[in-house]
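When a ligand or atom number is given, it counts from 1 through the structure's own listing order. Side-chain atoms are counted along with the backbone in the values below, which use heavy atoms only and exclude waters and symmetry mates.
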Amino acid sequence: MITIENYINGELIPPSNNRYLDNYNPSEGKVYGKIPDSNEKDIAKAYSAAEKAFPIWSSSSVEFRSKILQRIADLILENLEDLALAESKDNGKPLSLATAVDIPRASSNFSFFAKAITQFSSESHENNSINTINFTLRQPLGVVGCISPWNLPLYLFTWKIAPALAAGNCVVAKPSEVTPYTAYLLAKICMEAGLPKGVLNIVHGLGASCGNAIVEHTNIKAISFTGGTKTGEHIARTAAPMFKKLSLELGGKNPNIIFSDCNYDKMLQVTIKSSFANQGQICLCGSRIFVEDKIYDQFKNDFLEKVKQLKVGNPLDKQTDLGALVSKEHLEKVDSYVKKAVEEGGVLLHGGKRIQIENFPEGYFYQPTVIEVESNNCTLNQQEVFGPVVSLMKFSTEEEAIQLANGTKYGLSASVWTSNIDRSMRLSQQLKTGIVWVNTWLNRDLRTPFGGTKSSGVGREGGLEALRFFTEPKNVCIQYSPE
Ligand code: NAD
């Protein structure tokens with residue numbers, strides 16, 4: 001049994017109430033660890049540690065902060081195997097995915113912002129006619145809160161923490177209570193890397209108590225949150241009267257738009273990934289597949305053939321394509337969406353059932369599922385399932401494809417498959433999403449702005465956007481004497 005502790009003021013300590021929650025291994029469906037059930041007392045403790053650390057950390061040189069962040073990045077890579085195994089065990093994702101993507105990206109998040117902060121600059125505006133210069137001071141905010149979800153645990157946790165620390169803030173952070181393990185291991189890495197005490201505090205617990213206490217804390221100046229749209233709404237309501245700065249990365253119902261003139265083989269290969277990578281539990285998965293009518297039947301056949309070849313199984317097995325869903329509750333939610341889709345007239349083309357895997361009778365495994373729908377207004381096309389479930393629907397014109405793609409409350413990302421550059425530009429302009437991928441998917445350059453429109457969120461992360469979010473711009477206006 002692994003017992004996780006909070007990381008506060010540079011030490012690993014138990015929660016103030018000494019209460020712990022169960023942590024499940026989703027592929028076994030069994031409890032394998034305990035995590036602190038922290039509350040507002042622990043958040044208050046974490047805040048005071050961060051507040052105390054802030055004057056020194058924020059006034060330390062950029063080179064010093066950069067060096068420590070780079071050391072953390074290096075240690076993550078040195079511990080790649082252990083971290084990937086921990087992530088796979090905690091989340092149910094294939095070990096191969098955690099090894100190739102999650103953990104290397106967590107390291108890159110730190111190394112990227114270790115470098116980015118050394119290049120961060122601000123504007124100045126000179127007006128010679130009145131002997132004035134305005135320049136923008138970019139100062140750290142103080143103590144900030146970072147709250148992350150379970151689907152890409154260490155990847156998304158570090159995507160927030162790294163820019164916050166690089167910019168000179170101190171942090172109170174909470175990983176998802178469903179996947180806390182790698183955040184705990186990160187605390188140990190920060191201790192080894194010599195991160196000064198109190199600069200980063202990692203508090204574990206439930207969203208309603210521990211997470212909410214971060215948002216409600218009057219002196220925590222900003223909240224960077226990634227998670228569900230409903231939780232985002234609650235956070236926005238709580239934070240608004242305190243005028244906190246907010247970055248909200250929320251849900252998606254992303255369109256994958258396929259035109260007949262695309263590079264078909266590449267599209268098919270990538271569409272399998274964009275549908276089912278990480279068991280479809282990526283906010284950027286293309287869960288609504290729209291196919292031009294000319295190639296619809298061909299696509300349906302070829303896609304189903306490939307889906308049938310996907311192997312659902314032991315996350316530690318190298319051949320596994322899909323591991324377990326993250327929890328029993330989530331599996332039941334996914335299954336209920338599939339049932340509802342069929343009730344509403346959707347045609348189940350493949351999957352739609354929980355599966356039992358040899359030696360893992362209690363694991364939360366679910367078949368990759370494909371449902372053909374006739375209307376974009378069905379629940380399946382309007383609500384986020386966040387599992388291995390995609391819908392197929394045909395369209396006949398470019399205008400119709402745009403209308404269908406924009407016809408949800410979400411606006412995170414879209415993929416467009418076409419070899420017509422003019423069309424790709426028209427769609428890029430008209431799709432109401434924060435990200436458009438043309439002839440690719442999940443192709444990420446950390447310098448680019450990342451985030452959604454509509455109910456998919458507010459604000460942008462990534463590159464300079466993240467450093468801007470975690471700093472307060474202050475305009476300084478100096479009038480000088482010309483003599
Ligand atoms: P969630 O909203 O349930 O939880 C996210 C985090 O918020 C967890 O740490 C949770 O404990 C915490 N939380 C819950 N209630 C809270 C409250 N009242 N106050 C403060 N914190 C609270 O989301 P989830 O189920 O962990 O993650 C899945 C969701 O995340 C999906 O909707 C997915 O689309 C979204 N997501 C979005 C992005 C993006 O970049 N836009 C990336 C990944 C996941």
What atoms in ligand 1 come closer than 4.0 Å to a heavy atom of F450? 40 (O)

Where ligand 1 meets L412 - atom numbers and elements under 4.0 angstrom, heavy-atom basis: 41 (N)

Considering only heavy atoms from C-beta outward, does the side chain of S391 approach that of E372 to under 4.5 Å? no

Should G228 be counted as touching ligand 1, given the test is an N or O pair under 3.5 Å? yes

Non-hydrogen atoms of P388 and L325 that approach each other most closely: CD-CD2, 3.7 Å

Could you tell me which non-hydrogen atom of W150 sits nearest to which non-hydrogen atom of P153, and how far apart they are? O-CG, 3.2 Å

Measure from NZ or CZ of R105 to the centre of the six-membered ring of W159 and say whether it is under 6.0 Å with the direction within 45° of the ring axis. yes

Pick one of side chain, backbone, both or neither for how K230 approaches ligand 1, counting any non-hydrogen atom pair under 4.0 Å. neither

Looking at ligand 1, is there an atom of it that comes within less than 4.0 Å of some heavy atom belonging to [X]?
{"X": "G457", "answer": "no"}
{"X": "S148", "answer": "yes"}
{"X": "P175", "answer": "yes"}

Protein heavy atom under 4.0 Å of atom 2 (O) of ligand 1: yes

